[in-house]
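Below: the structure, in structure tokens.
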Amino acid sequence: DGPSVALEGDAIELFARVRDPMGGEVVIAWDLDDDGRFEERVGERSARIPRGQTDGPSTLMIRAHVEGSGGISVVSRIIPILNGDPVFHASPPRVFHENELSRYTFNARDPAGDRDTLRFEWVSGPRGVEVDEEGHFSWSPTHAQVTRNGEVAHFSIRVFDEDGASAEMRWTAEVSANRPPPPPTI
């Protein structure tokens with residue numbers, strides 16, 4: 001038993017429910033990496049594909065070699081692995097200052113972990129914002145971009161994995177005017 005489908009990166013739990021029709025002991029060996037060798041989890045009725053070991057879209061071939069006094073059988077199961085959307089782990093700036101360069105690096109993770117390379121793309125926002133494919137953001141707002149009376153600037157960035165899944169992050173921020181401090185009073 002186990003899932004009929006899995007999301008990339010998820011742990012996959014498998015269980016063999018078998019009994020020998022002759023009442024003898026049953027020995028199970030697993031092929032979890034589709035190399036044709038039943039060398040994983042020998043003697044165990046369960047097997048686990050650890051989190052972060054699959055990348056979708058793809059299929060995973062799992063096989064169990066079962067041997068008992070009633071003979072030998074090999075059971076196979078193909079599990080479709082679905083591609084999952086990357087997830088942002090970012091808290092971009094909520095306040096920018098006129099004529100002051102701000103830099104920020106966006107972070108995101110893919111369910112497949114290091115098996116998928118991520119690429120960032122700027123979607124929309126104020127003029128002058130720059131974002132590279134690695135998620136490095138920079139912007140120096142002009143005087144004309146200063147927000148007033150509760151206004152906010154709107155921003156949007158998207159992250160893609162190499163299999164086509166994506167996620168978009170939208171946020172707002174204020175842009176404050178940089179004014180020299182008032183002269184001191186004596």
Side-chain angles (χ1 to χ4, degrees), residues 2-14 32-34 47-62 78-185:
S4 58
V5 65
L7 180 63
E8 68 178 353
D10 282 355
I12 300 172
E13 303 286 341
L14 304 159
L32 302 175
D33 55 11
D34 198 24
R48 183 174 200 267
I49 307 292
R51 182 173 195 79
Q53 297 297 308
T54 57
D55 183 20
S58 63
T59 56
L60 180 64
M61 170 67 84
I62 303 293
I78 296 174
I79 302 172
I81 305 297
L82 305 177
N83 192 22
D85 292 335
V87 176
F88 277 97
H89 294 278
S91 297
R94 302 293 183 185
V95 177
F96 294 95
H97 302 283
E98 169 189 2
N99 297 321
E100 186 177 298
L101 179 61
S102 293
R103 296 181 191 273
Y104 180 78
T105 301
F106 284 90
N107 291 305
R109 290 199 179 115
D110 192 79
D114 294 340
R115 296 176 183 276
D116 265 337
T117 301
L118 299 179
R119 174 180 58 83
F120 295 85
E121 183 178 281
W122 186 241
V123 176
S124 65
R127 187 178 302 256
V129 170
E130 294 182 12
V131 176
D132 67 16
E133 287 191 352
E134 294 173 350
H136 301 110
F137 169 100
S138 64
W139 185 42
S140 182
T142 65
H143 179 71
Q145 293 170 317
V146 171
T147 55
R148 292 168 177 75
N149 300 327
E151 293 177 342
V152 290
H154 296 267
F155 301 84
S156 180
I157 187 170
R158 184 169 285 280
V159 62
F160 297 87
D161 74 10
E162 57 196 4
D163 299 317
S166 68
E168 187 170 331
M169 178 181 216
R170 297 176 184 181
W171 80 100
T172 60
E174 296 178 2
V175 179
S176 68
N178 279 340
R179 297 191 181 115
T185 57

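Position 1 is the first residue of the sequence, and the numbers go up from there. Keep in mind that what you see is a predicted model, and the values were worked out from it rather than measured.
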Handout entry: With Thr59 via side chain to side chain contact (heavy atoms under 4.5 Å, CB included) - residues at least two apart
Key = Ile78
Distance-minimising heavy-atom pair for [X] and [Y]:
X	Y	answer
Asp116	Glu8	OD2-OE1, 3.4 Å
Pro3	Ile12	CG-CG2, 3.6 Å
Ala153	Thr147	N-CG2, 3.8 Å
Ala90	Phe106	CB-CD2, 3.8 Å
Leu32	Arg48	CD1-O, 4.3 Å
Ser4	Pro80	O-CD, 3.1 Å

Exercise for the section: Applying ring pair (Phe, Tyr, Trp, His ring centres under 6.0 Å), name anything that partners Phe96, two or more places apart in sequence or on another chain. Expected result: Phe137, Trp139, Phe155
Exercise for the section: Enumerate the residue pairs fulfilling salt bridge (Lys or Arg N to Asp or Glu O under 4.0 Å) with a member in residues 122-139, sequence neighbours excluded, ordered by first and then second residue. Expected result: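 Residue pairs with at least one partner in residues 122-139: there are none.
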Handout entry: Where at least one partner belongs to residues 82-95, residue pairs that pass salt bridge (Lys or Arg N to Asp or Glu O under 4.0 Å), sequence neighbours excluded
Key =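 Residue pairs with at least one partner in residues 82-95: there are none.
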Exercise for the section: Side-chain contact test, heavy atoms from C-beta onward, threshold under 4.5 Å: evaluate it for Val146 versus Pro141 and give yes or no. Expected result: no
Let me confirm one number: the [atom1]-[atom2] distance from [X] to [Y], rounded to the nearest 0.5 Å.
X	Y	atom1	atom2	result
Asp10	Arg51	CG	CZ	5.5 Å
Asn83	Asp55	CG	CG	7.0 Å
Leu82	Thr54	CG	OG1	10.0 Å
Arg148	Ser176	CZ	OG	11.0 Å

Report, one line per pair, each donor and acceptor closer than 3.5 Å where one atom sits in a side chain of residues 158-170; sequence neighbours left out.
unit_1	atom_1	unit_2	atom_2	d
Arg158	NH1	Ser166	OG	2.8
Arg158	NH2	Glu168	OE1	2.5
Asp161	OD1	Asp163	N	2.8
Asp161	OD1	Gly164	N	2.9
Asp161	OD1	Ala165	N	2.9
Glu168	OE2	Ser156	OG	2.4
Glu168	OE2	Arg170	NE	2.9
Glu168	OE2	Arg170	NH2	3.3

Problem - Main-chain N/O of Glu98 paired with Asn178 side-chain donor or acceptor, under 3.5 Å - result: yes
Exercise for the section: Answer yes or no: is there a donor N or O on one side and an acceptor on the other, between the side chain of Trp171 and the main chain of Pro93, under 3.5 Å? Expected result: yes
Problem - Sequence neighbours excluded, every pair satisfying side-chain hydrogen bond (donor to acceptor under 3.5 Å, both in side chains) that has a member inside residues 103-115 - result: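 Checked against side-chain hydrogen bond (donor to acceptor under 3.5 Å, both in side chains) - neighbours excluded - the pairs reaching residues 103-115 are Gln53-Arg115.
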Exercise for the section: Carefully, step by step, assess Val95 and His97 under the rule side chain to side chain contact (heavy atoms under 4.5 Å, CB included). Expected result: CA-CA 7 Å; Val95 177; His97 302 283; 3.9 Å; yes
